[in-house]
Amino acid sequence: EVRKADNKPEEALALWKKLSDEDIFGYYGMIALHQQNLPLRKITEASGLARGLAEKDDELFRALQTVEEWDLASRFLGSVLPDTASLKKAPGADIASIVKLYAEVKNYKYIFGLFNQLPFETQRDVFEKVPSVLFPQPYPESIAKAAQAANIEPELIYSIMRQESSFDPNARSPMDALGLTQVLPEVAKKIASET
């Protein structure tokens with residue numbers, strides 16, 4: 001639609017504005033901001049989100065985190081929190097507090113899957129409350145070192161990790177690609193021998 005309005009600047013601007021308002025967390029929304037010569041939105045976290053766990057559940061959850069039992073803690077959350085079908089109807093603030101808990105145990109795959117099933121307005125609300133949960137930056141030292149060595153921006157590595165493994169270091173594809181960036185073992189060996 002925007003291309004069709006190229007010879008009509010007012011219509012093109014209106015379309016860019018609509019796109020940047022509706023796709024606040026997506027690639028095309030960022031392109032629309034750029035086309036309007038607007039800065040990217042600052043990412044800020046909402047404060048004061050409810051914890052979402054009963055006191056006894058929170059105590060056990062924290063204990064599992066302390067001993068870095070991420071998978072067990074994630075499964076525990078699944079047993080005490082509302083299921084995905086119920087969450088799809090929940091207010092954004094409730095979902096934001098829940099996805100924040102899942103982020104604490106590094107279960108981004110669940111977060112991204114849930115987020116993609118939410119209605120658009122709820123997605124927008126969750127994104128505005130906890131954007132860092134949807135665009136996490138784990139392993140900062142390793143990523144900074146790898147980005148510097150490859151002379152690329154760290155965000156490129158994060159975007160690949162988000163897409164390929166949902167930040168799961170144990171991810172394994174049907175094609176036998178492994179890890180955060182889903183590298184095939186033969187490719188990893190070749191790269192390692194060249195460095």
Side-chain angles (χ1 to χ4, degrees), residues 23-35 39-46 49 60-79 81 84 87 95-118 123 126-195:
D23 189 22
I24 61 169
F25 38 78
Y27 171 78
Y28 295 106
M30 290 184 208
I31 295 296
L33 286 171
H34 177 72
Q35 290 294 325
L40 295 179
R41 293 176 179 89
K42 290 190 186 275
I43 293 181
T44 56
E45 296 286 315
L49 288 175
L60 179 54
F61 179 66
R62 289 186 187 280
L64 290 169
Q65 286 179 290
T66 301
V67 294
E68 297 183 4
E69 284 289 345
W70 310 124
D71 186 52
L72 190 55
S74 184
R75 285 188 279 146
F76 174 72
L77 288 176
S79 73
L81 294 173
T84 302
L87 285 176
I95 296 170
S97 65
I98 288 171
V99 298
K100 219 169 166 175
L101 290 169
Y102 276 99
E104 288 179 28
V105 293
K106 302 167 181 34
N107 190 342
Y108 296 104
K109 187 174 186 176
Y110 173 81
I111 294 168
F112 302 153
L114 171 64
F115 187 78
N116 289 332
Q117 295 179 48
L118 298 174
Q123 285 182 341
V126 172
F127 176 76
E128 288 175 348
K129 288 179 175 32
V130 288
S132 67
V133 169
L134 298 170
F135 295 97
Q137 296 184 342
Y139 319 107
E141 296 84 17
S142 299
I143 300 302
K145 185 178 175 183
Q148 185 176 16
N151 197 27
I152 59 174
E153 295 296 322
E155 291 78 10
L156 177 59
I157 298 172
Y158 282 123
S159 65
I160 293 168
M161 290 166 57
R162 185 180 196 276
Q163 181 65 36
E164 294 297 326
S165 68
S166 297
F167 299 102
D168 178 1
N170 300 313
R172 185 176 198 148
S173 80
M175 299 304 295
D176 214 25
L178 305 170
L180 293 165
T181 57
Q182 292 292 279
V183 177
L184 292 167
E186 313 82 67
V187 175
K189 286 177 190 171
K190 182 178 179 200
I191 293 169
S193 70
E194 292 173 356
T195 55

Subject >> Distance in Å, Ile98 CD1 paired with Leu87 CG, rounded so as to fall on 0.5 Å steps >> reply: 4.5 Å

Original post:
Between atom CD of Glu155 and atom CD1 of Ile143, what is the distance when rounded to the nearest 0.5 Å?
Top reply: 10.5 Å

**OP:** Would you name the heavy atoms of Leu33 and Pro39 that are closest together and state the gap between them?
**Re:** CD1-O, 4.0 Å

Subject >> Working for side chain to side chain contact (heavy atoms under 4.5 Å, CB included), residues Leu156 and Ile160 >> reply: CA-CA 6 Å; Leu156 177 59; Ile160 293 168; 4.2 Å; yes

**OP:** Please report the C-alpha distance between Trp70 and Glu104 in whole Å, then the side-chain angles of each, then the deciding distance to 0.1 Å, and finally whether the side chain to side chain contact (heavy atoms under 4.5 Å, CB included) criterion is met.
**Re:** CA-CA 9 Å; Trp70 310 124; Glu104 288 179 28; over 6 Å; no

Original post:
So Ile191 and Val187, side chain to side chain contact (heavy atoms under 4.5 Å, CB included) or not? Walk me through it.
Top reply: CA-CA 6 Å; Ile191 293 169; Val187 175; 3.7 Å; yes

Original post:
Looking at side-chain heavy atoms only, is the closest gap between Lys100 and Val130 below 4.5 Å?
Top reply: yes

Original post:
If you round to the nearest 0.5 Å, how far is CG of Leu134 from CD1 of Ile111?
Top reply: 7.5 Å

Original post:
Taking the inter-plane angle between the rings of Phe61 and Phe76 on a 0 to 90° scale, is it parallel (under 30°), tilted (30 to 60°) or perpendicular (over 60°)?
Top reply: parallel

Subject >> Over 12 non-hydrogen atoms of neighbours within 6.0 angstrom of CD in Glu153 >> reply: no

Original post:
Ser165 and Ala171: which non-hydrogen atoms are nearest, and at how many Å?
Top reply: CB-CB, 3.7 Å

Subject >> Value rounded to 0.5 Å, distance of CG in Asp176 from CD in Glu186 >> reply: 7.5 Å

Original post:
Going from OH on Tyr110 to CG on Leu77, what distance comes out if it is rounded to the nearest 0.5 angstrom?
Top reply: 9.0 Å

Original post:
Is a donor on one side and an acceptor on the other found under 3.5 Å between the side chain of Ser173 and the backbone of Met175?
Top reply: yes

Original post:
Of the non-hydrogen atoms in Phe115 and Gln123, which two are nearest, and what is the gap between them?
Top reply: O-NE2, 2.8 Å

Original post:
Is it true that a side-chain atom of Tyr158 and a backbone atom of Gln137 form a donor plus acceptor pair closer than 3.5 Å?
Top reply: yes

Original post:
CZ of Phe112 to CG of Asn107: how many Å apart, nearest 0.5 Å?
Top reply: 10.0 Å

**OP:** Would you name the heavy atoms of Ser74 and Tyr102 that are closest together and state the gap between them?
**Re:** OG-CE2, 3.6 Å

**OP:** Answer yes or no for Arg162 and Tyr108: cation-pi contact, defined as NZ/CZ to six-membered ring centre under 6.0 Å and angle to ring axis within 45°.
**Re:** no

Original post:
In terms of heavy-atom contacts, does CD of Gln163 have more than 12 from other residues, nucleotides or ligands at under 6.0 Å?
Top reply: no

**OP:** Taking all non-hydrogen atoms of both residues into account, name the closest pair between Val126 and Ala96 and its distance.
**Re:** CG2-N, 4.2 Å

**OP:** Please lay out, stage by stage, how Tyr139 and Leu180 fare under the test side chain to side chain contact (heavy atoms under 4.5 Å, CB included).
**Re:** CA-CA 11 Å; Tyr139 319 107; Leu180 293 165; 3.6 Å; yes

Original post:
Do any N or O atoms from the side chain of Glu68 and from the backbone of Gln65 form a donor-acceptor pair under 3.5 angstrom?
Top reply: no

